[in-house]
Amino acid sequence: MSLLTEVMQRPLDPGYAAAAERRRAAGDTRPGRPRALTALAALAVGVLLAVAGVRAATGAPEADRGRAGLLERVRAATERADDLAARAARLRAANAELATRLGGAPAAVAGARADALAVAAGAVPVTGPGVEVVLRDAAPDPTAASASSGRVVDRDLQLLVNGLWQAGAEAVAVNGLRLSSLSSIRAAGEAVLVDYRPLTPPYRVTAIGDPVGLQTRLASSVAGRYLQVLEDNYGIGVEVRARSGEDASTLPAAARLQLRAAAPPDGAGGTGAAGTVPGTGATAGADAGGGPP
């Protein structure tokens, strides 16, 4: 019983108590050292974490800065291309006016004929009534099998543009870019390109012509039925509205005009190179969705 009482009252060996008493008598503060070491270790870990965070914060924006720099270069190049296209248009107009003044009556007749063909070739700006078709990507659907199933792609715009030409459009532009027989509508990754220039949704396809006739013929065409399928099955937004009067559309001249082939009028020299339009110098159907049929 005395042993049990001793164990209950003094569970630790007396030697431990004696050693602790000797340390206190000698002024030894080692019992507090673990706490100090723990604090120092925590401080060191905190410093390491802070340094790692700073390095991560300075390293992560490198990719963002590279992307921002690339976007800036694209923007600057696009603005320069726009300026050069506007300058080329002014020079073409000045050359045509000068040629008319120097050439006399024959040149005036040729100039009048060129003016009549300029609209179809996309060489001059046009203003008039028409229709505007707006295509918007579908809202994100996490249950969809593919993330791209609800996104407008280049083929959608190609079919729509060709449908508008077939419906009687006199001029067509996509997001303000005038289309000609040399224009192209393509894709690069997830981006839609018109004449190699990237576009951002929504996509606004504007056509000049009789608003009622364009809407009626487009709705009954293959392109109109295709748009209905996009809207019903894929959730892509399709909006068609007429524009006339004060809301009439104004389309700029095409930025890319190049003489590919020419032939004498009235069939004097045949039809020229295969696939060309006599007298216009434009190649018919250069790319899908490019120009009037």
Return the CD1 to CG distance between Ile185 and Leu193, rounded to the nearest 0.5 Å. 10.5 Å
Less than 4.5 Å apart, side chain to side chain, heavy atoms only: is that true for Glu239 and Arg136? yes
Heavy-atom pair with the smallest gap, counting every atom of Ser244 and Pro129: CB-CB, 3.9 Å
Report yes if some heavy atom in the side chain of Glu190 is under 4.5 Å from a heavy atom in the side chain of Arg151; otherwise report no. yes
State whether the side chain of Ser184 and the backbone N or O of Arg186 hold a donor-acceptor pair below 3.5 Å, judged by distance alone. no
Would a single hydrophobic cluster contain both Leu227 and Val134, if residues Ile, Leu, Val, Met, Phe, Trp and Tyr are joined by side-chain heavy-atom contacts under 4.5 Å? no
Which pair of heavy atoms, one from Ser180 and one from Ser183, lies closest together, and at what distance? N-OG, 2.8 Å
Asn162 side chain to Gln158 side chain, donor-acceptor N/O pair below 3.5 angstrom: no
N/O donor to acceptor pairs below 3.5 angstrom from side-chain atoms of residues 83-91, sequence neighbours left out:
none

Taking it one step at a time, do Leu230 and Val152 satisfy side chain to side chain contact (heavy atoms under 4.5 Å, CB included)? CA-CA 9 Å; Leu230 291 181; Val152 179; over 6 Å; no
hydrophobic_cluster_shared for Ile236 and Val229, side chain cutoff 4.5 Å: yes
Shortest non-hydrogen pair, Gly128 vs Ala248, comes out as O-CB, 3.5 Å
Would you confirm whether Arg243, through its side chain, and Val131, through its main-chain N or O, come within 3.5 Å as a donor-acceptor pair? no
In one Ile/Leu/Val/Met/Phe/Trp/Tyr side-chain cluster, 4.5 Å: Leu177, Leu135: yes
4.5 Å side-chain heavy-atom contact, Glu170 and Val126: no
Indicate yes or no: at least one non-hydrogen side-chain atom of Asp154 is less than 4.5 angstrom from one of Val194. no
Report yes if the side chains of Leu251 and Val172 come closer than 4.5 Å at any heavy-atom pair, otherwise no. no
Could you tell me whether the side chain of Arg178 reaches within less than 4.5 Å of the side chain of Asp195, counting heavy atoms only? no
Donor-acceptor contacts, no H, no angles, side chain residues 198-214, under 3.5 Å, sequence neighbours left out:
| unit_1 | atom_1 | unit_2 | atom_2 | d |
| --- | --- | --- | --- | --- |
| Asp210 | OD2 | Gly213 | N | 2.9 |

Rounded to the nearest 0.5 angstrom, the OG-CH2 distance for Ser221 and Trp165 is 15.0 Å
For Arg155, what residues pass the side-chain contact (heavy atoms from CB on, under 4.5 Å) criterion, not counting sequence neighbours? Val153, Leu159, Tyr226
Just wondering, do Val174 and Leu179 contact through their side chains at under 4.5 Å, heavy atoms? yes
